[in-house]
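Please read the structure below before turning to the comments.
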Amino acid sequence: MKHPLPAQPRHIGVLRLSALGDVCNLVPTVRALQRQWPEARITWIIGKGEHSLLAGLTGVEFVVYDKATGVAGMRRLWRELADTRFDVLLHMQQALRASVLSLGLKAGVRVGYDKARAKDAQHWFTHRRLAPHPRAHVLESFLDFARLLGVEDLSLEWDLPVPAVAFDEALALTGDAAYLLMSPCANPRLRNFRNWSAEGYAAVIEHAWVQHGLKAVLTGGGSTQEREMGERIQALSRPEAVIDAIGGTSLKGLLALIARARAVVAPDSGPVHMANALGVPVVGLYATTNPDRAAPYLWREFVVDRYPEAVRAYLHKAPETLPWGQRVRHPDAMSLIRAEDVIERLDTLLADTTAHQDTESPADEA
């Protein structure tokens with residue numbers, strides 16, 4: 001017998017710990033729930049870094065779990081929520097860690113992914129599953145939770161909070177310069193080969209500076225890999241065309257930098273989805289990740305997509321035969337992206353969005 005879904009939930013639990021790009025893609029689902037049930041309480045159980053990105057999101061109570069604290073941290077969280085019972089818990093993370101964490105939460109009904117999309121046996125930890133949605137984009141997969149609950153208005157809304165102090169942080173780095181934001185390094189997880197070449201970025205920087213008068217602001221964390229990549233890019237570029245902000249911002253400061261950028265150029269990583277959430281144009285660089293599943297949602301037509309070629313070259317298969325979401329874990333895959341491909345997409349993006357801004361400007365002035 002199926003557990004009934006609440007027709008009018010009073011308290012909705014959202015369980016999604018990571019990652020930065022994914023939590024950005026989840027926000028429209030939260031907004032859709034808020035529009036459907038404006039009086040409902042929404043509690044989001046989230047990772048530590050992800051919380052620092054989304055802190056202040058209107059109408060949402062956050063409960064933070066730091067995965068570095070392991071089981072001890074889970075026990076603390078369970079004690080914190082001992083008196084809380086959710087009408088429905090949206091279990092939106094397939095990882096086993098999240099499923100174990102869910103065991104200590106009280107909920108009338110637990111909703112998870114359908115069997116095809118669930119990983120780490122997530123379906124063992126839930127009462128209800130989503131309807132199948134083959135070949136869904138990550139953002140659409142999150143919206144499927146709202147669909148199952150009967151939410152009618154699934155229009156996309158983010159309204160991410162970016163405080164004034166974050167804009168001060170961004171301005172201190174860039175001044176009044178017009179710029180592209182480049183985040184050259186993705187998360188350095190095991191065999192996660194998403195990074196493009198320093199030479200490629202330098203060629204795009206030269207073009208953006210000479211043809212468009214745009215500097216390049218380099219961003220990223222403070223890891224050795226990211227700093228070394230930034231140094232290589234700067235060594236290949238004109239000093240006046242580059243602003244090095246690698247390791248120099250908070251996550252809110254990064255949001256502010258993105259918000260003020262003319263466009264973002266980056267591989268599949270948090271910044272392309274942050275830009276998407278802020279409505280900032282994005283050229284995504286994709287070869288190891290399938291952009292049909294994980295491209296910046298509003299800017300999919302501007303992706304440089306070499307995933308099909310990478311699948312054929314390194315997996316020796318046709319893309320349509322692969323399991324949905326399979327990565328190409330080969331260190332040479334991103335080399336299939338050529339600088340001229342990125343420059344062409346960037347020029348098209350800048351022309352398209354400039355024309356759109358020019359079309360809107362008389363109304364804005366009125």
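Every heavy atom of this structure was used, including side-chain atoms; hydrogens, water molecules and symmetry mates were not.
- No hydrogens or angles considered: a donor-acceptor pair under 3.5 Å links the side chains of T354 and R262.
- V242 and Y201 fall within a single hydrophobic cluster, where Ile, Leu, Val, Met, Phe, Trp and Tyr are joined by side-chain heavy atoms under 4.5 Å apart, directly or via other members.
- With 3.5 Å as the limit, one finds no donor-acceptor pair spanning the side chains of H273 and D22.
- R194 and T288 form no side-chain donor-acceptor contact under 3.5 Å, judged by distance and modelled atom types alone.
- Taking the six-membered ring where the residue is Trp, Y297 and H137 present perpendicular rings, their angle passing 60° and hence far from 30°.
- Across all non-hydrogen atoms, the minimal contact from Q225 to C185 is O-SG, 4.3 Å.
- Between Y113 and F145, the distance separating the two ring centers is shorter than 6.0 angstrom.
- Side-chain contact annotation: D144 with H133, donor-acceptor N/O pair under 3.5 Å present.
- No continuous path of hydrophobic side-chain contacts links V204 to W209 [ILVMFWY only; heavy atoms under 4.5 Å].
- Counting only N and O atoms by type, the side chains of S237 and E206 include no donor and acceptor under 3.5 Å apart.
- With a 4.5 Å cut-off between side-chain heavy atoms of Ile, Leu, Val, Met, Phe, Trp and Tyr, the cluster of L15 takes in L17, I45, V63, Y65, M74, L77, W78, L81, F86, L89, L96, V100, L101, L103, L105, W124, F125.
- Side-chain atoms of S335 come within 3.5 Å of backbone N or O of D332 as a donor-acceptor pair.
- Between D292 and R135 there is no salt bridge, since no side-chain N of the basic residue sits under 4.0 Å from a carboxylate O of the acidic one.
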Determine, stepwise, if the pair R10 / R41 fulfils side-chain contact (heavy atoms from CB on, under 4.5 Å).
CA-CA 6 Å; R10 293 168 299 173; R41 181 181 172 191; over 6 Å; no
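- One side chain, D268 or Y286, offers a donor N or O that lies under 3.5 Å from an acceptor on the other.
- The local environment of CD in E320 is crowded, with over 12 non-hydrogen atoms from other residues, nucleotides or ligands closer than 6.0 Å.
- Side-chain heavy atoms closer than 4.5 Å link hydrophobic residues (I, L, V, M, F, W, Y) into clusters, and following such links, even through other members, never connects L236 to L218.
- Under the 3.5 Å distance criterion, the side-chain polar atoms of S197 are matched with a main-chain donor or acceptor of G200.
- Side chain of W299 to main chain of G284: no donor-acceptor pair is present (N/O by atom type, distance under 3.5 Å, no hydrogens or angles).
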